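It should be emphasised that the depicted structure is a prediction, and the values quoted were computed from it without experimental measurement. Numbers restart at 1 for each chain; the letters A, B, ... are given by sequence-line order, proteins then strands.
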2 protein chains.
Amino acid sequence: MPSEPAPTPVAPDSALHLDAARPSRREQILRAAAQLFAERGSRAVGVDDIGAAVGVTGPAIYRHFASKDAVLAEMLLRISERLLAGGRATVAAAGDDPAAQLAALVAFQVDFALDNPSLITVQDRDLGQLGDSDAAQVRRLQRRYVEEWVAVIGRLDPAAGTRTCRARAHAVFGLINSTPHSAGQLPRAQMADLLTGMAVAAASSGVRPTSS
Amino acid sequence: MPSEPAPTPVAPDSALHLDAARPSRREQILRAAAQLFAERGSRAVGVDDIGAAVGVTGPAIYRHFASKDAVLAEMLLRISERLLAGGRATVAAAGDDPAAQLAALVAFQVDFALDNPSLITVQDRDLGQLGDSDAAQVRRLQRRYVEEWVAVIGRLDPAAGTRTCRARAHAVFGLINSTPHSAGQLPRAQMADLLTGMAVAAASSGVRPTSS
DNA sequence: ACCGTAGGTTAACCACGGTTCACTTGGGGC
DNA sequence: GCCCCAAGTGAACCGTGGTTAACCTACGGT
């Protein structure tokens with residue numbers, strides 16, 4: 001292993017950085033748990049299963065997390081934070097044209113869904129298993145991400161009310177997040193194109209093309 | 001209560017008919033369980049909860065079902081059967097025009113989703129909790145229903161491969177089945193129109209309008 | 001060389017929840 | 001009127017699984 005001068009012993013705020021290279025045990029656990037949770041649902045997965053998936057025994061988990069629920073909580077919090085931050089950055093980078101902003105958001109969500117099918121599955125299946133406090137925070141983050149979409153869709157179709165835009169946004173999420181169900185049907189690039197096209201078409205349905 | 005000559009004591013094949021009027025305890029249990037399962041997930045709902053929801057104690061459930069899993073199994077089997085049968089009938093009644101068939105299928109699924117948000121939620125969240133045999137049967141039924149869609153989409157866009165059509169079908173399901181997430185955003189009729197429009201637009205995206 | 005500590009291990013603990021049991025009861029058919 | 005059975009009830013049983021405890025073992029820093 002390459003010389004690492006002094007890798008900041010443990011970095012107490014490790015909650016956010018994912019050291020993609022040599023993942024810490026903590027990261028390994030989160031990854032493995034995500035996959036297991038996606039396959040069977042968090043309640044059906046035992047701590048022993050998680051441990052086994054990373055090559056340790058069940059109770060070893062408690063050296064890294066306060067409880068099994070804490071694993072799920074951190075997982076869902078990270079997802080929501082990544083989506084919100086990514087969504088905002090995406091819109092900001094897309095210029096002023098609402099259509100371009102929508103296309104960018106769609107591309108962003110499609111990429112995320114194709115790269116993280118497990119997280120997508122867990123997010124909307126196991127949110128209810130979280131404690132009240134964690135669940136509330138995740139929902140807050142999700143809501144803000146949704147509002148990002150609502151704003152863009154609203155600018156694209158100023159005639160539509162907020163409720164309509166919100167329903168439209170949820171529908172588009174449902175469409176894009178269907179990827180876990182159509183697992184290996186198509187190569188990734190093709191799937192991405194297909195979903196992007198469908199999502200844009202759906203989001204813009206009923207919207208007359210702007211003046212231009 | 002109106003005179004009922006001889007209502008066939010218990011009807012041993014009660015699995016399919018839902019006596020909407022004065023639902024049998026069995027039906028009540030299925031309904032209540034569906035709602036509870038949708039809210040919290042089947043593993044998080046105890047038999048006591050189900051019992052309480054219909055005004056009896058937990059163990060009373062076992063007078064009507066062999067196990068808690070059997071409740072879930074029958075629930076999911078019924079849904080899949082209803083969808084498959086309904087889907088086939090819908091296509092058959094829609095004439096020969098693929099576009100009309102698609103519109104009919106979409107309308108059918110939208111109605112189902114809006115009328116049974118709990119079932120929609122349970123179906124794709126708790127399928128994994130079923131025993132192997134039941135799960136396999138449900139999946140068989142679901143697959144056949146999907147193939148109904150695939151066939152229609154394929155006729156609509158003969159250039160597309162089966163894989164593509166399947167992915168498109170799943171995406172449309174995801175779109176329509178998003179209703180549980182956008183709960184009371186819009187009045188039902190408006191939501192139906194919105195979803196129908198979006199679903200048709202999505203399903204037809206990339207398809208050049210036929211000759212006419 | 002010597003600790004302290006991070007990270008494991010195994011065994012035990014304990015609560016929860018599905019299931020079974022023994023026992024009631026109210027209503028229909030003979 | 002009597003008997004039987006469907007449908008409940010409360011108590012007990014017991015497996016599963018999250019969590020804790022007590023103990024071990026490498027390292028990395030002094």
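For dA6(D), neither phosphate oxygen OP1 nor OP2 lies less than 4.0 angstrom from any side-chain nitrogen or oxygen of Arg25(B). The phosphate of dG8(D) (OP1 or OP2) has a side-chain N or O of His64(B) nearer than 4.0 angstrom.
Rounded to whole Å, the distance from OH on Tyr62(B) to P on dG17(C) is 13 Å. When rounded to the nearest whole Å, the span between CD1 of Ile50(B) and P of dT19(C) equals 10 Å. Summarising the geometry, the separation between CG on Asp48(B) and C1' on dA11(D) is reported as 13 Å, rounded to the nearest angstrom. One interatomic measurement links the two molecules: CG of Leu72(A) to P of dG18(D), which rounds to 12 Å at whole-angstrom precision. Distance NZ (Lys68(B)) to P (dT16(D)): 16 Å, rounded to an integer number of Å. Atom CZ of Arg43(B) is separated from atom P of dG18(D) by 10 Å (rounded to the nearest Å). As rounded to whole Å, 14 Å separates atom P of dT19(C) from atom CG of Asp49(B).
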- Give the C-alpha distance, both sets of side-chain angles, the deciding distance and a yes or no for side-chain contact (heavy atoms from CB on, under 4.5 Å) between Ile29(B) and Arg25(B). CA-CA 6 Å; Ile29(B) 291 173; Arg25(B) 187 46 54 91; 4.3 Å; yes
- Task: Verify salt bridge (Lys or Arg N to Asp or Glu O under 4.0 Å) between Lys68(B) and Asp49(B), making sure each step is shown before the conclusion.
- Result: CA-CA 11 Å; Lys68(B) 195 183 101 172; Asp49(B) 298 325; over 6 Å; no
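If you check the side chains of Gln123(A) and Asn177(A), you find no donor sitting under 3.5 Å from an acceptor. Side-chain contact annotation: Tyr145(B) with Gln109(B), donor-acceptor N/O pair under 3.5 Å present.
In the helix from dA1(C)-dT30(D) to dC30(C)-dG1(D), the terminal helix axes, each the rotation mapping four pairs' C1' atoms onto the next four within five end pairs, subtend 10°, rounded to 10°.
Of the residues in residues 52-61 of chain B, those lying under 4.0 Å from DNA chain D by heavy-atom distance are Val56(B), Thr57(B), Pro59(B), Ala60(B). Listed in residue order, the members of residues 125-137 of chain A having a heavy atom less than 4.0 Å from DNA chain D come to none.
Nearest to the side chain of Arg63(B), among dG18(D), dG18(C), dG8(D), sits dG8(D).
If you take CG on Leu130(A) and CE on Met75(A), they are separated by 9.5 Å, rounding to the nearest 0.5 Å. Separation of atoms CZ (Arg43(A)) and CZ (Arg40(B)) is listed at 10.5 Å; rounding is to 0.5 Å. To the nearest 0.5 angstrom, Asp126(A) atom CG is 3.5 Å from Ser42(A) atom OG.
A 4.5 Å side-chain heavy-atom check between Leu175(A) and Phe173(B) finds every atom pair outside the cut-off.
Ion pairing between Glu27(A) and Arg78(A) holds under the 4.0 Å rule for side-chain N and carboxylate O. A salt bridge is absent between Arg139(B) and Asp134(B); no separation between the charged side-chain nitrogens and carboxylate oxygens falls under 4.0 Å.
Judged by a 6.0 Å distance limit and a 45° cone about the ring axis, Arg26(B) is positioned over the six-membered ring of Phe65(B).
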